[in-house]
Amino acid sequence: FVFKDTATTEIYTRSIVGSVRCVQETAIKMIENMAKSNETVKSNETAKTNETEAKEANKTTNETSKYEKFWGLFHKNIKLGVIEDSSNRISLSKLLRFYSTKSMKKQISFEEYLARKKAKQDVIYYLAGDSKETLIKSPLLQKLINNDIEVLL
């Protein structure tokens with residue numbers, strides 16, 4: 001367009017500049033809103049993640065507590081079943097819990113023991129007896145403990 005009138009050119013130029021500024025301001029506001037929205041989403045995601053982790057930890061604690069009660073009631077039957085019932089030995093053995101020289105207060109599963117054993121250790125150490133207190137006093141056990149080898153009790 002070619003305008004012969006200077007006043008018309010000036011009005012036209014102002015309206016274009018005003019329109020560009022309006023578009024720029026709108027774009028900036030949209031970006032700011034998206035950033036705020038993204039921060040809100042991240043905040044909500046973090047809150048949900050923390051809540052989920054807390055629920056999982058609570059669930060694990062509840063499951064552990066339930067299993068400890070179950071083990072307290074049926075541990076003798078499970079141990080006897082592992083010895084006598086060869087057809088269910090593998091599935092029953094997964095239920096077994098043991099004290100160990102590195103876990104005297106809380107019983108551990110066989111899988112936990114295997115995960116903690118040293119790479120060079122090619123045998124499983126265990127000691128059987130009347131009570132934990134009696135087993136702890138064994139000179140054989142003391143030698144293994146001094147060599148930092150975990151023993152099932």
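Remember, it's a predicted structure, so these values are computed and weren't measured experimentally. Side chains included, hydrogens not; waters and symmetry mates left out as well; all remaining heavy atoms used.
The closest side-chain heavy-atom distance from K94 to V82 is not below 4.5 Å. Side-chain contact between Y113 and V151 is absent, with no heavy atoms from C-beta onward closer than 4.5 Å. Annotation: side chain of L152 is not in contact with side chain of L127 (no heavy-atom distance under 4.5 Å). Side chains of L96 and F110 form no contact here, defined as non-hydrogen atoms less than 4.5 Å apart.
Looking at R116 and E150, a side-chain N of the basic residue comes within less than 4.0 Å of a carboxylate O on the acidic one, giving a salt bridge. Between K102 and D148 a salt bridge is recorded (basic side-chain N to carboxylate O distance below 4.0 Å).
No hydrogens or angles considered: nothing links the side chains of S65 and E68 as a donor-acceptor pair under 3.5 Å. In the model, S131 has a side-chain atom that pairs as donor or acceptor with a side-chain atom of T134 under 3.5 Å.
Both L114 and I149 belong to a common hydrophobic cluster when Ile, Leu, Val, Met, Phe, Trp and Tyr are linked at side-chain heavy-atom distances under 4.5 angstrom. Under the 4.5 Å side-chain contact rule for hydrophobic residues, Y125 and L140 do not share a cluster. Transitive grouping of hydrophobic side chains (ILVMFWY, heavy atoms separated by less than 4.5 Å) brings F98 and L73 into a common cluster.
Heavy-atom contacts from other residues, nucleotides or ligands closer than 6.0 Å to CG of N146 number more than 12.
Here the straight-line distance linking atom CD1 of I90 with atom OG of S93 works out to 6.5 Å at 0.5 Å rounding. Atom-to-atom distance recorded for L141:CG and L153:CG is 6.0 Å, nearest 0.5 angstrom. Atom NE2 of residue H75 and atom CG of residue L80 lie 11.5 Å apart, to the nearest 0.5 angstrom. Between atom OH of residue Y99 and atom CE of residue M104 there is a gap of 9.0 Å, rounded to the nearest 0.5 Å. Of the inter-residue distances, the one linking W71 atom CH2 with L95 atom CG reads 7.5 Å to the nearest 0.5 angstrom. Here the straight-line distance linking atom CG of L92 with atom CG of N77 works out to 10.0 Å at 0.5 Å rounding.
Judged by distance alone, with hydrogens and angles left aside, the side-chain atoms of E84 form no donor-acceptor pair with the main-chain N or O of K79 at under 3.5 Å. A donor-acceptor pair is defined here as one N or O able to donate and one able to accept, closer than 3.5 Å; no such pair exists between the side chain of S103 and the backbone of S100.
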Worked check of side chain to side chain contact (heavy atoms under 4.5 Å, CB included) between Y126 and L135: CA-CA 10 Å; Y126 69 94; L135 296 173; over 6 Å; no

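A cation-pi arrangement, defined by a distance under 6.0 Å to the six-membered ring centre and an angle within 45 degrees of its axis, is present between R97 and Y67.
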